[in-house]
Enquirer: 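Got a structure for you, questions after.
Numbering starts at 1 and runs along the sequence shown.
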Amino acid sequence: MKAKDLRERTTEHLQELEKNLGREVFDAKFKNFTNRLNDTSAIRKARRDLARVKTVLQQRASESAAAEGNK
C-alpha cells in the first residue's frame, strides 16, 4: 500500500483501516508464535502499512490543528 493511495482516502476510512491492520499485526504475531504462520514477512508488511496509515492520520491532524490555529 502506497502513501499516495492512502492520502486519497477519507479520514474515516483510514481510521477503520488502522483498526484492521492493528488486528492483522496481532493475528500474524500470534500465528507466528504458535508456528502456524507460513509467511513471516506478513508481520513486517502489516506493521509498515499500519505505520503509513498512522503517519497520514497524524499529518491530517496536525494540518487541521494548524488551520484552526491560524483563525
Side-chain angles (χ1 to χ4, degrees):
M1 176 174 324
K2 303 262 185 186
K4 181 179 179 181
D5 299 332
L6 293 175
R7 287 188 183 96
E8 295 172 355
R9 297 183 184 194
T10 63
T11 303
E12 293 81 20
H13 189 265
L14 288 174
Q15 290 170 341
E16 186 66 31
L17 188 59
E18 180 183 12
K19 290 179 189 176
N20 291 338
L21 286 171
R23 182 68 185 174
E24 188 177 321
V25 169
F26 175 80
D27 289 342
K29 284 183 178 181
F30 187 77
K31 285 181 181 180
N32 189 39
F33 182 74
T34 58
N35 293 324
R36 293 185 294 138
L37 185 65
N38 295 328
D39 183 20
T40 56
S41 68
I43 298 171
R44 183 177 182 181
K45 291 175 186 175
R47 281 180 49 228
R48 288 187 176 196
D49 286 342
L50 180 59
R52 284 185 191 101
V53 170
K54 286 185 175 186
T55 300
V56 171
L57 285 172
Q58 183 62 36
Q59 287 172 345
R60 287 187 183 177
S62 64
E63 287 173 0
S64 67
E68 288 181 11
N70 291 334
K71 287 184 178 180

Enquirer: Working to the nearest 0.5 Å, report the span between NZ of Lys29 and CG of Leu37.
Expert: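 Between atom NZ of Lys29 and atom CG of Leu37 there are 12.5 Å.
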Enquirer: For residues 2-11, please give each side-chain donor-acceptor pair under 3.5 Å, one per line with the distance, not counting sequence neighbours.
Expert:
from	atom 1	to	atom 2	distance (Å)
Thr10	OG1	His13	N	3.2
Thr11	OG1	Arg60	NH1	3.1

Enquirer: What closest approach, in Å, do Asp39 and Ser41 show between heavy atoms, and which atom pair accounts for it?
Expert: OD1-OG, 2.6 Å
Enquirer: Can you name the closest pair of heavy atoms from Ala46 and Val25 and give their distance?
Expert: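 Smallest interatomic distance, heavy atoms only, reads CB-CG2, 3.5 Å.
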Enquirer: Less than 4.5 Å apart, any side-chain heavy atom of Glu16 and any of Asn20?
Expert: yes
Enquirer: Please step through side-chain contact (heavy atoms from CB on, under 4.5 Å) for the pair Met1 and Leu17, ending with a clear verdict.
Expert: CA-CA 11 Å; Met1 176 174 324; Leu17 188 59; 3.8 Å; yes
Enquirer: Drop me the distance from Glu68's CD to Glu63's CD, to the nearest 0.5 angstrom.
Expert: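 It is 12.5 Å, given to the nearest 0.5 Å.
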Enquirer: In terms of hydrophobic clusters joined by side-chain contacts under 4.5 Å, are Ile43 and Leu50 together?
Expert: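 Shared cluster, no.
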Enquirer: State, with a plain yes or no, whether a side-chain heavy atom of Arg52 is found less than 4.5 Å away from one of Arg48.
Expert: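 Yes, close enough: below the 4.5 Å cut-off.
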Enquirer: Roughly how far apart are Gln15 CD and Lys19 NZ, rounded to 0.5 Å?
Expert: 7.5 Å
Enquirer: Can Phe26 be reached from Leu21 by stepping across I, L, V, M, F, W or Y side chains whose heavy atoms are under 4.5 Å apart?
Expert: no
